[in-house]
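Report on the structure given below.
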Amino acid sequence: MTDTAAALDCDVLVVGFGPTGAVAAGLLGRLGHRTLVIDRLTDVYNKPRAIALDHEIFRHLDNMGLADAISPYIEPFTASEHFGVDGQLIRRIDMVAKPYPLGYTPSMVFSQPAVEAELRRHATGFSNVRAELGVELLGLVQAPDRVEACLKNSDGQNRSVTARYVLGCDGASSTVRQIAGLALEDLIFDEPWLVVDVRVNEDALARLPQCSAQFCNPARPVSFLIGPKNHRRWEIMLLPGEDGRQMERPENVWKLLAPWLTPQDGELWRAASYRFHALVATEWRNGRILIAGDAAHQQPPFIGQGMCQGLRDATNLVWKLDHVLKGVSSDGLLDSYGIERKQHVIELTGKIKAIGQSICERDPAAARRRDAQILADGSGKPQRLTRQEIIPPLRAGCLSQHEMPARGTLFPQPRIARGGAARLLDEVTGTGWRVLIDGRSDDAAFMLSLCAARPDVSAAAVVPAGAGLPNALEETEGVLANWFDRHGVVAAVVRPDHYVFGTARNASGLGDLLREIELRRRDVRPTQDSRSEMERTP
Ligand SMILES: O=C(O)/C=C/c1cccc(O)c1
């Protein structure tokens, strides 16, 4: 750390201690960065907003050492069945089959207040992370090497703190985004819905559908979601003339729930009216100020990706901030954050919108045409999709510049045999830059020797169980062998956030990739106003 950096109050100021801010603070804490995280509110919001997460996110939480602490509040997500105008099944969205590609149940539901409390506990367990609650951000002023933040303490006193970077995880109405002058683009979706969470009594649970469902009835589209334990969620489209605030009233909510429950069947946990909309920030950074989570994007909930998107932001950004703060990369690497995440958000939101538009269809004739089209897409049977095939890869940013199989996709996580037990790959190899080599390749040993010249990159060869190759990891389910075969490659370079930087068909391809990592991490043009004093000194 330079003297200038050491003189600052912290390396990163995280504004907002919801899931995105808490994960960012925890990751920064683990990497040794002095982090101050503030939130306007003094407590975890005690009602569930997000309900779904997926294996990519759980993998990061497991990497952080949180799996045991949060598992009591997480359950597998059931399939979602979509029903058409006449109540017929038109589509089924499920998860990919076993063996699971990342080693975990691919889609899960969770209880947000409990998980969020664990995320906060984890972040504040690092001596270099300080959380200040009841603290409001009033202003930010950027200098070449720092940002000065004006804060209002819980006692009403103003004070200023300095940080090398500021990360706005402060939600849809983000103060950070507004102060930084970062605009939102409208991705054109705007529908009024009522979200109702119920803790259902034990005896009423069996009378409810045993699968999550989308009732695509043009008279009143409704989503039904099976949450953990006795938590059930209904998302109910509001009709023209219905006032959101009025519809939140318990007497109106129970009328809407009448096809499923009576007030004796459970306790209303939350009823909140929202406009489901789709927005993305045009720019995700202004100099040393960056935004993440709902501050940078909002999307309709129809495949439960809202919180996942925020945590993808955090896990994408933090390793890049780490490289920049440690001088491994220039500040220009941070530009790849917005490039990668904005494209991903736009592409995924487009897919969510398409699903949402078909669910929200209010014209009966159009809804019948939709049903016929979806059934035709499924060759006359209900269409079958997996949630995982809906999630796009990264397409541009800190990736190899050459087209190659699997670039920008999530690298799988096979189970590795260790002393009579099976452990997940990340636990064995760690989560930095990694090269994974197909141990069945004749060139495996040579490829490992190429990697040995790169101390910043770890390397391992993996073989199927029983192959008996010395110095190779043995996987127990064939997940990785299958992946190498499917993509026709023998090695993959994997980033700290588990996205594939690039793949190689042979040893010479791997040599090229290893050289390219260095270039892509360094050859990123810093923006004029965001270079620190140190970086501008030749
Ligand atoms: O993945 C699905 O099938 C549905 C997920 C979901 C999650 C939250 C809210 C929704 O309307 C759908």
Side-chain angles (χ1 to χ4, degrees), residues 19 47-58 73-84 89-97 100 104-112 115 172 189-198 208-217 220-228 231-238 256-257 260 269-278 293-294 297-312 348-349 351-361 374 378 382-392:
K47 299 199 191 292
R49 285 176 289 201
I51 189 169
L53 60 90
D54 70 14
H55 55 174
E56 174 183 1
I57 300 310
F58 193 86
Y73 315 111
I74 297 184
E75 289 179 19
F77 204 154
T78 66
S80 250
E81 295 188 330
H82 295 206
F83 298 98
L89 182 66
I90 52 172
R91 180 192 279 145
R92 194 165 202 275
I93 304 189
D94 211 338
M95 36 196 187
V96 283
Y100 294 142
Y104 314 102
T105 305
S107 311
M108 293 160 245
V109 285
F110 75 109
S111 188
Q112 182 171 3
V115 168
F189 191 91
D190 185 18
E191 300 288 353
W193 283 69
L194 182 71
V195 179
V196 179
D197 293 284
V198 184
L208 293 175
Q210 300 301 303
C211 246
S212 297
Q214 301 283 353
F215 300 103
C216 311
N217 174 0
R220 170 87 78 185
V222 174
S223 309
F224 168 74
L225 297 154
I226 300 187
H231 176 194
R232 299 292 179 272
R233 172 173 289 182
W234 282 260
E235 294 175 351
I236 302 168
M237 194 176 183
L238 296 179
L256 290 168
L257 293 183
W260 296 278
W269 191 5
R270 182 180 79 133
S273 61
Y274 287 98
R275 295 202 77 89
F276 286 175
H277 47 206
D294 286 1
H297 48 78
Q298 292 137 53
Q299 51 275 304
F302 300 110
I303 59 160
Q305 278 288 315
M307 190 189 76
C308 295
Q309 288 287 55
L311 298 203
R312 272 184 204 116
L348 181 51
T349 303
K351 294 179 174 197
I352 297 170
K353 264 178 56 179
I355 293 175
Q357 272 152 354
S358 87
I359 293 170
C360 294
E361 181 56 66
I374 293 175
Q383 184 190 36
R384 297 182 84 90
L385 294 176
T386 65
R387 296 187 178 105
Q388 287 64 49
E389 75 195 86
I390 299 171
I391 314 294

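These numbers were taken from a predicted model, which means no experiment stands behind them. Both counts, for ligands and for their atoms, begin at 1 and track the order of listing.
- Neither the backbone nor the side chain of R233 has a heavy atom within less than 4.0 Å of ligand 1.
- At the shortest separation from atom 11 (O) of ligand 1 among protein heavy atoms lies E235 OE1, 2.5 Å.
- The shortest contact between atom 10 (C) of ligand 1 and any protein heavy atom is with P301 O, 3.2 Å.
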Show your reasoning for whether side chain to side chain contact (heavy atoms under 4.5 Å, CB included) applies to D54 and R387. CA-CA 9 Å; D54 70 14; R387 296 187 178 105; over 6 Å; no

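- Around the CZ atom of R384, the shell of radius 6.0 Å holds no more than 12 heavy atoms that belong to other residues, nucleotides or ligands.
- Looking at residues two or more places apart in sequence or on another chain, you find a salt bridge (charged side-chain N to carboxylate O under 4.0 Å, His left out) between E56 and R312.
- Protein heavy atom in closest approach to atom 4 (C) of ligand 1: F302 O, 3.4 Å.
- In summary, the atoms of ligand 1 found under 4.0 Å from a heavy atom of I51, numbered by their order in the structure, are 8 (C).
- Among all heavy-atom pairs drawn from G304 and A52, the shortest one is O-CB, 3.5 Å.
- Separation of the W234 and F215 ring centroids does not fall under the 6.0 Å cut-off.
- Scanning all protein heavy atoms for the shortest distance to atom 3 (O) of ligand 1 gives S80 OG, 2.7 Å.
- Here the heavy atom of the protein found nearest to atom 7 (C) of ligand 1 is G304 CA, 3.3 Å.
- F58 is linked by a ring-ring contact (aromatic ring centres under 6.0 Å, His included) to Y104, counting only residues two or more places apart in sequence or in another chain.
- R387 NE, 2.4 Å is the protein heavy atom nearest to atom 1 (O) of ligand 1.
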